[in-house]
Every structure is written in C-alpha cells, then in structure tokens.
Amino acid sequence: MQIASAERHAYIVLLAEPPLASYTVQGQHLESDSEAARRYVLDLEEKQNAVLALLGNVAVQYHYTVTLNGFAALLTENEVSRLKVIPGVTQVSPATVEQVNGAAISNKQQ
C-alpha cells in the first residue's frame with residue numbers, strides 16, 4: 001500500500017468561467033477599469049475561494065482573473081486529486097519555470 005505524499009508543490013488551477021479579458025456582456029468586452037469589471041473580478045475571486053474552501057488550509061500564491069481564471073497554490077497529491085473532480089475545475093497543472101535560451105532581444109535601433 002502506497003501512501004500519497006503530503007509534500008506540497010506549486011500548481012496552477014484553472015476554472016471554467018472566462019477570465020475578464022474574454023468575458024463579454026451582450027457581445028461587448030468590459031473596460032478593465034469599469035465598475036462592472038471590478039464586480040466580475042470579485043465574482044471570479046469568490047468562486048476561486050469557494051473551490052479553495054473545499055480543500056481547507058491551502059497556501060495560495062496568486063489569484064488569476066484577467067487573462068486566466070484560476071489560482072496558483074502549494075498543493076499535496078491528495079489535494080490535486082480532489083481538485084480534479086470538482087465541477088468547474090478544468091485543469092490542474094504543475095507550475096513550471098520556463099527559460100528562453102538564445103540571443104538577447106533588444107528594441108534598440110543600431
């Protein structure tokens with residue numbers, strides 16, 4: 001019998017509702033600094049917090065609301081398994097750091 005690790009690792013969790021940048025009302029995108037946009041972001045965060053509440057005490061690193069709808073958190077294997085079956089959770093992926101190798105890009109004119 002193998003016991004799931006209680007060690008925590010960083011994960012990105014995405015939810016089904018569209019982020020602010022993709023959200024439309026009657027075919028129109030919201031202005032990011034509008035009251036409607038602020039209310040929508042608060043709604044997304046409330047729904048993210050509802051998912052997190054199902055897990056208990058989880059260390060959230062960041063909430064995403066503009067280009068993604070989700071959060072980054074330090075999770076155990078058990079928490080990842082539980083998240084994957086929650087309705088409205090569309091993806092749970094390990095957080096990674098990507099590095100671009102090659103020549104430096106500069107916008108200076110020579």
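Minimum interatomic distance between A37 and S32 (heavy atoms only, all atoms of both residues): CB-O, 3.7 Å.
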message = If you apply the rule side-chain contact (heavy atoms from CB on, under 4.5 Å), what do you find for E77 with V80, and how did you get there?
response = CA-CA 5 Å; E77 289 178 23; V80 168; 5.6 Å; no

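Other residues sharing a hydrophobic cluster with V85 under the 4.5 Å side-chain heavy-atom criterion for ILVMFWY residues do not exist; the residue is a singleton.
Sorted by first then second residue, the ring-ring contact (aromatic ring centres under 6.0 Å, His included) pairs that include residues 16-37, not counting sequence neighbours, are Y23-Y40. For residues 49-69, there are no salt bridge (charged side-chain N to carboxylate O under 4.0 Å, His left out) pairs, not counting sequence neighbours.
Listed by chain and residue number, K47 satisfy the side chain to side chain donor-acceptor pair (under 3.5 Å) test with D43 (two or more places apart in sequence, or in another chain). Scored by the side chain to side chain donor-acceptor pair (under 3.5 Å) test, Q28 finds no partners at all (sequence neighbours excluded). In this view, E46 satisfies the side chain to side chain contact (heavy atoms under 4.5 Å, CB included) rule with no residue, not counting sequence neighbours. Shown here are the side chain to side chain contact (heavy atoms under 4.5 Å, CB included) partners of S22, two or more places apart in sequence or in another chain: P18, P19. In terms of the side chain to side chain donor-acceptor pair (under 3.5 Å) criterion, R39 has no residue partners (sequence neighbours excluded). Residues forming a side chain to side chain contact (heavy atoms under 4.5 Å, CB included) with S93 (at least two apart in sequence, or on another chain): Q91. Listed by chain and number, the residues in a salt bridge (Lys or Arg N to Asp or Glu O under 4.0 Å) with R82 amount to none (sequence neighbours excluded).
Under the 4.5 Å side-chain heavy-atom criterion for Ile, Leu, Val, Met, Phe, Trp and Tyr, L52 and L83 are members of the same hydrophobic cluster. Both V89 and Y11 belong to a common hydrophobic cluster when Ile, Leu, Val, Met, Phe, Trp and Tyr are linked at side-chain heavy-atom distances under 4.5 angstrom.
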Review item, side-chain donor-acceptor pairs of residues 53-75, under 3.5 Å, at least two apart:
unit_1 : atom_1 : unit_2 : atom_2 : d
H63    : ND1    : Q48    : OE1    : 2.5
N69    : OD1    : Q48    : NE2    : 2.8
N69    : ND2    : E17    : O      : 3.0

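Taken from CG in L20 to CZ in R38, the straight-line distance is 11.0 Å, to the nearest 0.5 Å.
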